[in-house]
Protein chains: 2
Amino acid sequence: MESRYAKINVSVDNVIFGWDGEHLNILLIEQKRAPKNVHLSPRLAIPGDLVLVEEGLDDAANRILKELTKLEGIYLRQFEAFGDPSRVKEEKDQDWLKAFREDPDAHVITVAYFSLVRMDLVNPEASSFASNTLWVEMHNIPDLAFDHNRIIDKALRRLRQNVEQKSIGFELLPEKFTLTQIQSLYEAILDKKLDKRNFRKSIKKLDTIIPLNEKQVGVTHKPGQLFEYKPS
Amino acid sequence: MESRYAKINVSVDNVIFGWDGEHLNILLIEQKRAPKNVHLSPRLAIPGDLVLVEEGLDDAANRILKELTKLEGIYLRQFEAFGDPSRVKEEKDQDWLKAFREDPDAHVITVAYFSLVRMDLVNPEASSFASNTLWVEMHNIPDLAFDHNRIIDKALRRLRQNVEQKSIGFELLPEKFTLTQIQSLYEAILDKKLDKRNFRKSIKKLDTIIPLNEKQVGVTHKPGQLFEYKPS
DNA sequence: AAACTTAGTGTAAAAAATACACTTACTAAA
DNA sequence: TTTAGTAAGTGTATTTTTTACACTAAGTTT
């Protein structure tokens with residue numbers, strides 16, 4: 001039956017941020033190649049998948065995250081839906097769509113999430129929708145599939161907003177961390193230097209960051225006090 | 001062909017805020033009744049519609065707004081997508097779905113927008129998806145269809161955030177307005193009293209609000225200076 | 001013991017936010 | 001034409017928040 005309404009595919013895409021102590025990274029997947037293109041170098045994309053029957057958006061985002069990282073209970077935040085029909089019309093993406101989508105010409109709207117994970121907990125591996133996964137430094141993100149560069153850009157903006165308000169970001173750190181480690185992370189996310197004393201003052205005001213009676217070990221200088229994050 | 005992926009319906013819902021000089025209002029529609037239910041009092045809903053073939057999300061939101069109000073170029077902001085399958089499973093909504101949707105059991109995700117319009121420019125009237133439209137004061141919103149009460153709640157939160165930063169809201173006012181009028185509006189949106197002198201100071205700092213050489217007319221007291229809003 | 005490295009700390013100045021009360025300009029009623 | 005009523009318009013002092021800034025302490029390595 002013909003209809004004026006679109007048979008729309010809905011997908012969820014997930015911008016997964018990770019922190020290696022020095023740089024902000026993003027988890028990308030290598031798209032599986034269409035048979036005719038197996039000889040080409042794979043295109044990178046942010047992980048995502050179509051939403052399943054009777055699956056909620058948050059559930060889909062969690063499923064993708066879990067399939068890729070085996071992690072559950074991770075910080076996940078929906079930030080925007082992208083639905084311009086042109087987003088799946090670019091030439092570069094046609095082969096992939098024809099090879100892997102039941103309806104390659106369908107209008108696809110995607111609901112974008114970002115999440116924060118500790119890089120050391122993730123062992124990137126292949127999954128049902130990725131032939132390979134890898135961490136890429138924020139500053140080295142290449143041209144990605146569809147409008148994924150734009151989606152990352154929006155995700156980063158939102159992350160920065162939240163970080164400016166000091167409401168999130170601690171999820172990226174190991175269980176126990178020093179104030180200097182938080183500061184490095186914030187500086188990487190915001191891409192600017194922060195004043196040490198003022199930064200410490202502001203973090204110590206948060207009652208979600210609690211001081212431990214422990215010191216950093218294994219460093220070749222004065223060890224810092226350790227703190228932990230207790231989400232409120 | 002059976003598929004593990006959902007045949008999902010995508011709709012756009014629009015929380016349309018209006019200001020009558022005293023209260024914040026929301027434009028609601030009376031849902032058309034299923035034939036078997038024409039005798040029942042109509043259920044109210046926020047305006048929305050399924051996204052059309054090859055239509056972008058912003059386009060759909062604008063289409064809905066225009067069909068309902070005849071207005072174009074209105075402030076419109078996407079704020080969240082709602083996609084829990086249970087949102088279209090409530091008993092109260094089944095008759096309507098069966099009567100007006102090709103696939104009443106489909107999972108429907110909706111992308112929600114809010115917009116700000118001048119109430120005096122709107123002449124609510126029937127449209128293709130509404131048998132009637134009406135303004136309802138924010139504080140008197142009844143039980144609505146689907147999860148629309150929740151959507152309004154989220155829209156109001158977002159509006160408040162933006163208003164606290166003084167970045168929006170002026171779209172609700174007539175072309176020329178006094179500082180006191182802005183203040184009343186802000187007080188209604190934020191649901192709290194503001195200090196007159198401090199409020200004026202803060203508004204006068206904005207270079208999007210420009211003073212005119214004109215005074216209010218037709219009031220029975222000292223007339224206020226008029227200002228206009230020039231979006232940057 | 002000396003050199004190196006990062007941790008850790010306080011104060012003063014500037015900027016932003018808040019609290020607060022009287023005079024002015026106009027209309028309507030006496 | 002005076003009086004009463006109504007909202008407009010205005011400045012300062014106080015508190016809070018934000019910023020700028022430099023040295024000592026605790027550990028490790030040579």
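Numbered from 1 within each chain, the chains take letters A, B, ... in sequence-line order. All values below were derived from every heavy atom in this structure, side-chain atoms included, with hydrogens, water molecules and symmetry-related copies excluded.
- Using a 30° and 60° split on the angle between ring planes, A:F146 and A:H148 fall in the tilted class, from 30° to 60°.
- With ring centers used as reference points, B:Y186 lies under 6.0 Å from B:F199.
- Surrounding NZ of A:K66 are at most 12 heavy atoms belonging to other residues, nucleotides or ligands under 6.0 Å away.
- In this structure, a donor-acceptor pair under 3.5 Å is present between the side chains of A:R200 and A:T180.
- For CD of B:E175, the number of neighbouring non-hydrogen atoms (other residues, nucleotides, ligands) closer than 6.0 Å is 12 at most.
- Under the 4.0 Å criterion applied to side-chain N and carboxylate O atoms, A:K166 and A:E164 are not assigned as salt-bridge partners.
- Between B:H139 and B:H23, the ring planes lie perpendicular to each other; the angle is over 60°, past the 30° to 60° tilted range.
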### Task
Can you check each nucleotide of nucleotides 6-14 of chain D against protein heavy atoms at under 4.0 Å and return B for base, S for sugar-phosphate only, - for none, in 5' to 3' order?
BBBBBBB--
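- The aromatic rings of A:F17 and A:F114 sit perpendicular, their planes meeting at an angle over 60°, well past the 30° parallel limit.
- An end-to-end axis angle of 0° holds for the helix from C:dA1-D:dT30 to C:dA30-D:dT1, taken from five base pairs per end and rounded to 10°.
- Between the side chain of B:D147 and the backbone N or O of B:R150 there is no donor-acceptor pair closer than 3.5 Å.
- Mapping heavy-atom proximity under 4.0 Å, the span of DNA chain C touched by chain A runs 5' to 3' from C:dT5 to C:dT11.
- Distance A:E164 CD to D:dT18 P: 12 Å, rounded to the nearest Å.
- Separating the CD atom of A:Q165 from the C1' atom of D:dT17 is a distance of 16 Å, rounded to the nearest angstrom.
- With respect to B:D153 and B:R157, a salt bridge is recorded, a charged nitrogen being found less than 4.0 Å from a carboxylate O.
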